[in-house]
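Structure first, then comments.
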Amino acid sequence: MQGRLSSWLVKHGLIHRSLGFDYQGIETLQIKSEDWHSIAVILYVYGYNYLRSQCGYDVAPGGLLASVYHLTRIEYGIDQPEEVCIKIFVGRKNPRIPSIFWVWKSADFQEKESYDMLGISYDNHPRLRRILMPESWIGWPLRKDYIAPNFYEIQDAH
């Protein structure tokens, strides 16, 4: 079943895949990594002026990684803002997604956290770096195939 935004994207020839609705009735869409930046700009112009959250997760050991964006359309005089969830799946060998920092500045630390924990690289992010783990840390702690060292000191030896 297509939602309102999915129908609008189809009408304007923008490629995506509808993933249905979540338990709160929020429409979920899958966008290809290479199409994400242009669609993000279009969504901002369409009225999705607030990035509520961005997160990442490991779909399965050895499988895909996902970057998830929750966007909200906030307008004066509207009691219930319109929301959408965007998912972008990338391979784990070279996970690259265009940064949307220049569209929604609130993506700054959220994309840094996804990079730090999962190794998803956000192209054109102005200051992409680790923020939770030391710069010298080896590996991506939230990947399902990550092998945790027995002691933190082992990481310092590298």
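Position 1 is the first residue of the sequence, and the numbers go up from there. Here the structure is a predicted model, which means the values were calculated and not measured.
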- Does the side-chain contact (heavy atoms from CB on, under 4.5 Å) test come out yes or no for Asp123 and Ile97, once each step is laid out? CA-CA 6 Å; Asp123 295 337; Ile97 296 174; over 6 Å; no
According to a 4.5 Å side-chain heavy-atom criterion applied to Ile, Leu, Val, Met, Phe, Trp and Tyr, with indirect links allowed, do [X] and [Y] form part of one hydrophobic cluster?
X      : Y      : answer
Ile100 : Tyr44  : yes
Tyr146 : Leu132 : yes
Ile131 : Trp137 : yes
Val84  : Tyr50  : no
Val10  : Phe21  : no

Around atom [atom1] of [X], are there more than 12 heavy atoms from other residues, nucleotides or ligands closer than 6.0 Å?
X      : atom1 : value
Asp22  : CG    : yes
Arg17  : CZ    : no
Lys105 : NZ    : yes
Ile15  : CD1   : no

- Geometric class of the Tyr46/Tyr48 ring pair [parallel <30°, tilted 30-60°, perpendicular >60°]: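 Tyr48 vs Tyr46 ring planes: parallel.
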Identify the two heavy atoms, one from [X] and one from [Y], that lie closest to each other, and give their separation to 0.1 Å.
X      : Y      : value
Arg73  : Gly47  : CG-O, 3.1 Å
Val103 : His37  : CG2-NE2, 4.2 Å
Val68  : Cys85  : CG1-SG, 3.5 Å
Asp145 : Arg92  : OD1-NH2, 3.1 Å
Ser7   : Gln2   : OG-OE1, 3.5 Å
Asp116 : Pro141 : O-CD, 3.8 Å

Give, for atom [atom1] of [X] and atom [atom2] of [Y], the distance between the pair rounded to the nearest 0.5 Å.
X      : Y      : atom1 : atom2 : answer
Ile31  : Leu14  : CD1   : CG    : 8.0 Å
Ile138 : Ile147 : CD1   : CD1   : 12.5 Å
Thr72  : Glu82  : OG1   : CD    : 9.5 Å
Cys55  : Glu113 : SG    : CD    : 9.0 Å
Glu75  : Gln80  : CD    : CD    : 12.5 Å
Asp108 : Leu51  : CG    : CG    : 11.0 Å

Would you check if the side chain of [X] reaches a backbone N or O of [Y] as a donor-acceptor pair within less than 3.5 Å?
X     : Y      : value
Ser38 : Asp35  : yes
Arg96 : Ser121 : no
Glu27 : Leu5   : yes

- Message: With side-chain contact (heavy atoms from CB on, under 4.5 Å) as the test, pick out the partner of Pro95 among Ile88, Leu64, Leu65.
- Response: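 Output: one option passes, namely Leu65.
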- Query: Heavy atoms, side chains only, cut-off 4.5 Å: are Ile39 and Leu29 in contact?
  - Reply: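 Not touching, per the 4.5 Å side-chain cut-off.
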- Please lay out, stage by stage, how Trp8 and Arg4 fare under the test side-chain contact (heavy atoms from CB on, under 4.5 Å). CA-CA 6 Å; Trp8 186 86; Arg4 188 170 144 197; over 6 Å; no
- Identify whether NZ of Lys or CZ of Arg in Lys112 sits under 6.0 Å from the centre of the six-membered ring of Tyr115 and within 45° of that ring's axis.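 No, a cation-pi geometry is absent between Lys112 and Tyr115.
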- Message: As a quick check of understanding, evaluate side-chain contact (heavy atoms from CB on, under 4.5 Å) for Leu43 and Ile86, giving each step before the final call.
- Response: CA-CA 11 Å; Leu43 291 176; Ile86 305 292; 4.1 Å; yes
- Query: Would Ser67 and Val90 satisfy side-chain contact (heavy atoms from CB on, under 4.5 Å), going step by step from the backbone distance to the final call?
  - Reply: CA-CA 8 Å; Ser67 187; Val90 291; over 6 Å; no
- In plain terms, say whether Lys144 and Asp58 are close enough for a salt bridge, that is, a side-chain N and a carboxylate O under 4.0 Å apart.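 Asp58 and Lys144: not salt-bridged.
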- Query: Between Trp104 and Tyr69, is the ring centre distance below 6.0 Å?
  - Reply: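 Aromatic pair excluded; centres sit 6.0 Å or further apart.
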- Distance-only side-chain donor-acceptor flag, Tyr122 / Gln54, under 3.5 Å: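 Side chains of Tyr122 and Gln54: pair found under 3.5 Å.
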